[in-house]
Peer 1: 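To start, I am sharing the structure in question, which I have written as structure tokens.
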Amino acid sequence: MYLQQSQAEMLQLIEKLVNIDSGTYVKEGIDRVGAILKKEYEKLGFTVEVREEEKYGNNLIIQHKDAFDPKIILVAHMDTVFPLGTAAERPFRIEGDRAYGPGVVDMKSSQVELLYAIKALQQSGSESYKNMLIILNSDEEVGSPTSRPLIEEKSQGKEYALIMEPARKDGSLVSARRGGGSYTVIVKGKAAHSGIEPQKGRSAIEELAHKVIQLNALSDYEKGISVNVGLIEGGSSINTIPPIAIAHVDIRISEMHQAKYLEEKIKEICATTDVSGTQIILKGSISRPPMEKNKQTVSLLHLIEEVGKEIGLQVFDTATGGGSDASFTSATGVATVDGLGPVGGNAHSEDEYLEIKTLPERTLLLAKTIDRLSK
Ligand SMILES: [Zn+2]
């Protein structure tokens, strides 16, 4: 397969996409990015179904017009974390071996890589591009509220999921991500003057203090469980028995079964009070499943490693704490590997960069992986 010579062309398209603001809340920009990509896919013989969204950008479902029951799902998000005006402030630029700009590696380069992987397959005479179902979604950076059900639905019956988040700085693919959620614990007590008749009050802060210790004690770092009361608020004045106290709790898990266990434990802790006369209201849930490095993922990784060897690219993998759409495909039981985009770093910051030379090699890795998975 060719590719080195397409690098300049790929960079041109990346520049065009980076210079359109497509923050999650910039619907118009995401839809413009979607329209450009739609045209590119149509040139390659693909059909693009546009799922219109009101608040967020439209989601796109793409497959070749001759595709028959594809077994590989690929997911690449079009939104970034940057607000309107960022692209004008610091547009796409190249310095040395790196390219910069909002969303350059997370993940506008991945969008272009995916397109060129299909081109490479078509030019090599392989028909494995008919084995792909692609979702370009609009809202990953805020937890995929509109695209999550779509991703879960389209994952049904698939054998493999390739998620196009960028590779890590050191080039690693991503084989595990932690899941999680958040809770709010609201304690209601009873106010009373702390000097005149404190015995008539019921301290919400005292009650919450008990709960904070019990909740944090659920953490088990070895098992990858973290329960962190990260924010507390409460009381009304220094000389009032506090009538209200609130805790905000962040939960992280590494394995699916931990969600149920923790949900039960948290409910249990908040079902009783240590300070009589107080009342607890619990809100929240563990909403994001973890991406587990299970058997399917390991064998998919092995296959990608082999493909890497063929093209002289050493492939590693790693676990990360942050979430992505990989959690959703993985939770439906599909063998999932993430981080298949080009290499770069400092995502979500002004210093976000793409390692330009990894564009052709990662495109080739993706194309050959798709080809191998289709045999
Ligand atoms: Zn991303």
Side-chain angles (χ1 to χ4, degrees), residues 13-14 17-18 20-27 29-30 33-34 37 56-60 62 73-83 86-87 92 98-115 117 134-148 150-152 155 161-180 287-291 317-331 336-355 358-359 362-363 366:
L13 185 53
I14 293 169
L17 297 177
V18 168
I20 299 171
D21 280 313
S22 67
T24 316
Y25 300 108
V26 188
K27 174 176 169 58
I30 296 173
V33 166
L37 293 170
Y56 295 102
N58 300 331
N59 294 304
L60 309 183
I62 303 170
I73 180 170
L74 297 103
V75 184
H77 66 81
M78 298 180 286
D79 60 324
T80 73
V81 296
F82 300 103
T86 312
F92 177 87
R98 293 178 170 180
Y100 297 84
V104 66
V105 79
D106 182 19
M107 54 158 72
K108 291 186 169 171
S109 297
S110 301
Q111 295 289 359
V112 176
E113 178 190 311
L114 182 47
L115 266 172
I134 302 163
I135 293 180
L136 304 187
N137 58 334
S138 62
D139 53 3
E140 190 275 341
E141 296 292 1
V142 296
S144 306
T146 68
S147 58
R148 176 177 179 173
L150 182 64
I151 292 166
E152 287 168 342
S155 295
L162 305 177
I163 312 299
M164 297 301 302
E165 291 290 343
R168 306 288 96 176
K169 274 182 182 174
D170 67 354
S172 300
L173 303 182
V174 176
S175 54
R177 288 179 182 271
R178 296 172 87 189
S287 49
R288 197 157 22 82
M291 173 194 185
D317 69 285
T318 186
T320 166
S324 89
D325 291 323
S327 298
F328 306 136
T329 58
S330 173
T336 300
V337 169
D338 195 357
L340 285 150
V343 182
N346 302 340
H348 299 196
S349 85
E350 279 188 23
D351 307 317
E352 177 179 2
Y353 68 87
L354 158 76
E355 299 281 12
T358 67
L359 265 180
R362 295 285 157 157
T363 305
L366 180 64

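We count ligands from 1, going down the list as the structure has it; atoms in each ligand are counted the same way.
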Peer 1: Would Tyr353 and Lys169 count as a side chain to side chain contact (heavy atoms under 4.5 Å, CB included) here? Give the steps.
Peer 2: CA-CA 10 Å; Tyr353 68 87; Lys169 274 182 182 174; 3.5 Å; yes
Peer 1: Are the side chains of Glu140 and Glu165 in contact, using a 4.5 Å heavy-atom criterion?
Peer 2: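 In contact.
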Peer 1: Look only at the side chain of Arg362 and the backbone of Gly171, and say whether a donor-acceptor pair between them is shorter than 3.5 Å.
Peer 2: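 Here the side-chain-to-backbone pair exists.
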Peer 1: Counting backbone and side chain alike, does Asp106 bring an N/O/S atom below 2.8 Å of the Zn ion (ligand 1)?
Peer 2: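 It does: Asp106 brings an N, O or S atom closer than 2.8 Å to the Zn ion (ligand 1).
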Peer 1: Taking 2.8 Å as the cut-off, does Glu165 contribute an N, O or S atom near the Zn ion (ligand 1), distance below it?
Peer 2: yes
Peer 1: Can you tell me which N/O/S atom of His77 has the shortest distance to the Zn ion (ligand 1)?
Peer 2: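 Considering only N, O and S atoms, His77 comes nearest to the Zn ion (ligand 1) through NE2.
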Peer 1: Only one of Thr318, Leu173, Val343, Asp317 forms a side chain to side chain contact (heavy atoms under 4.5 Å, CB included) with Arg168, so which one is it?
Peer 2: Thr318
